[in-house]
Amino acid sequence: MIICDCHIHAFAKGVERAVGAYVPPEKDIGDFIAEEAQTNGIGRAVVIQASVDGTDNTALARMVASPPEAIALRGVAMISPASTGLEALAASGIRAARLQDRRRVGINQLDLLPQVAALAAEVDWHVELNTEPERFDRVAAALEAMPAGQPLVLDHFGHVNPTSEAQVTSLCRLLDSGRIWVKLSPTRVSTRPDNYDDLAALVSRLVQGWPDRCLWGSDWPHVMTPPPVPRLAPMLDLLKQVLPDEGLRAVLQDNPAALYRF
């Protein structure tokens, strides 16, 4: 099985950035390979353009087009309704556009979803959305304005509280639409970073209900995450403990391969 981490960030070293929601660590794809990928058998990764890097996706495109031999890469760009040059980004290996809709980072772009989705569809991209449960009703309404059949991926379990049945049920209703995918990225929603066992029931429920639309992502290198810095092995251990073999293969290999076209 070729494990794919569907949510990492990579920050070029020695780059000065405008003031943003956080100061990113100088951790690039080489650090990811050395620190986590080699140890955990990760052969594929999806690099997400971080909010602090804005809509200039030049470095991301260069990275995914010429990855190190140890790993295959795809990318998720940040774009605006005025963005151009998407054909070149798609040719480099970028497969989606991402929008932020989170109070924590001070960016609310949900109103841009129909325009960005239409632009993304021109190059056969899906859309990824970092949003929260309080916005799920608006997300459901926005689906109607997206191109038919275009997937919408929610980051970080949709930021649901795993102990809130109301929030989990709202997430499940979105998944019932047939359009929504979800990343099982635990660090933003778990209170147990040593083993993530507070997410066991939620992971099982989501993968059992929607086995072909669940992905795993680590969120390496874990910006805006309090210490201790999360490690990937406990995340993978949870999936191995909770999921049957076919579910594990779907989440870690088959679903990412289909969505990101590895």
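Computed from a prediction, not measured in an experiment: that's the story for all the values here.
- Within the 4.5 Å cutoff, no side-chain heavy atoms of Val168 are placed close to those of Ser164.
- The structure places CD of Glu246 at 11.0 Å from CG of Asp254, a figure rounded to the nearest 0.5 Å.
- Classification of Arg98 and Asp155 as a salt-bridged pair holds, one side-chain N sitting under 4.0 Å from a carboxylate O.
- With rounding to the nearest 0.5 angstrom, the CD1 atom of Ile3 is 11.0 Å from the CD1 atom of Ile71.
- The distance from atom CD1 of Ile180 to atom CG of Leu152, rounded to the nearest 0.5 Å, is 4.0 Å.
- With Phe157 as the aromatic partner, Arg188 does not meet the cation-pi criteria of under 6.0 angstrom to the ring centre and within 45 degrees of the ring axis.
- Below 30°, between 30° and 60°, or above 60°: for His7 and His9 the angle between ring planes is above 60°, a perpendicular geometry.
- Across Ala96 and Glu128, no two heavy atoms sit closer than the pair CB-CG, 4.1 Å.
- Contact of the Leu252 side chain with the Cys4 side chain is not registered, since no non-hydrogen atoms from C-beta on lie closer than 4.5 Å.
- Hydrophobic clustering places Tyr196 together with Leu184 (ILVMFWY residues linked when any side-chain heavy atoms are closer than 4.5 Å, directly or through intermediates).
- At a threshold of 4.5 Å between non-hydrogen side-chain atoms, the residues Leu259 and Val46 do not count as touching.
- Side chains of Asp219 and Ser185: a donor-acceptor N/O pair is absent below 3.5 angstrom, by distance only.
- Side-chain contact between Leu171 and Pro133 is absent, with no heavy-atom pair separated by less than 4.5 Å.
- Side-chain contact between Phe11 and Val223 is present, with heavy atoms from C-beta onward closer than 4.5 Å.
- Considering only heavy atoms from C-beta on, Trp216 stays 4.5 Å or farther from Pro256 through its side chain.
- Annotation for Pro162 and Leu202: closest pair CB-CD2, 4.2 Å, computed over non-hydrogen atoms.
- Annotation: side chain of Asp212 is not in contact with side chain of Trp181 (no heavy-atom distance under 4.5 Å).
- No more than 12 heavy atoms of other residues, nucleotides or ligands sit less than 6.0 Å from atom CG of Asp245.
- Both Val251 and Met1 belong to a single network of hydrophobic side chains, linked directly or stepwise wherever heavy atoms of I, L, V, M, F, W or Y lie under 4.5 Å apart.
- One finds a salt bridge joining Asp197 and Arg192 here, because a Lys/Arg side-chain nitrogen approaches an Asp/Glu carboxylate oxygen to under 4.0 Å.
- Residues Leu154 and Thr131 form a side-chain contact, since some pair of their non-hydrogen atoms from C-beta on lies under 4.5 Å apart.
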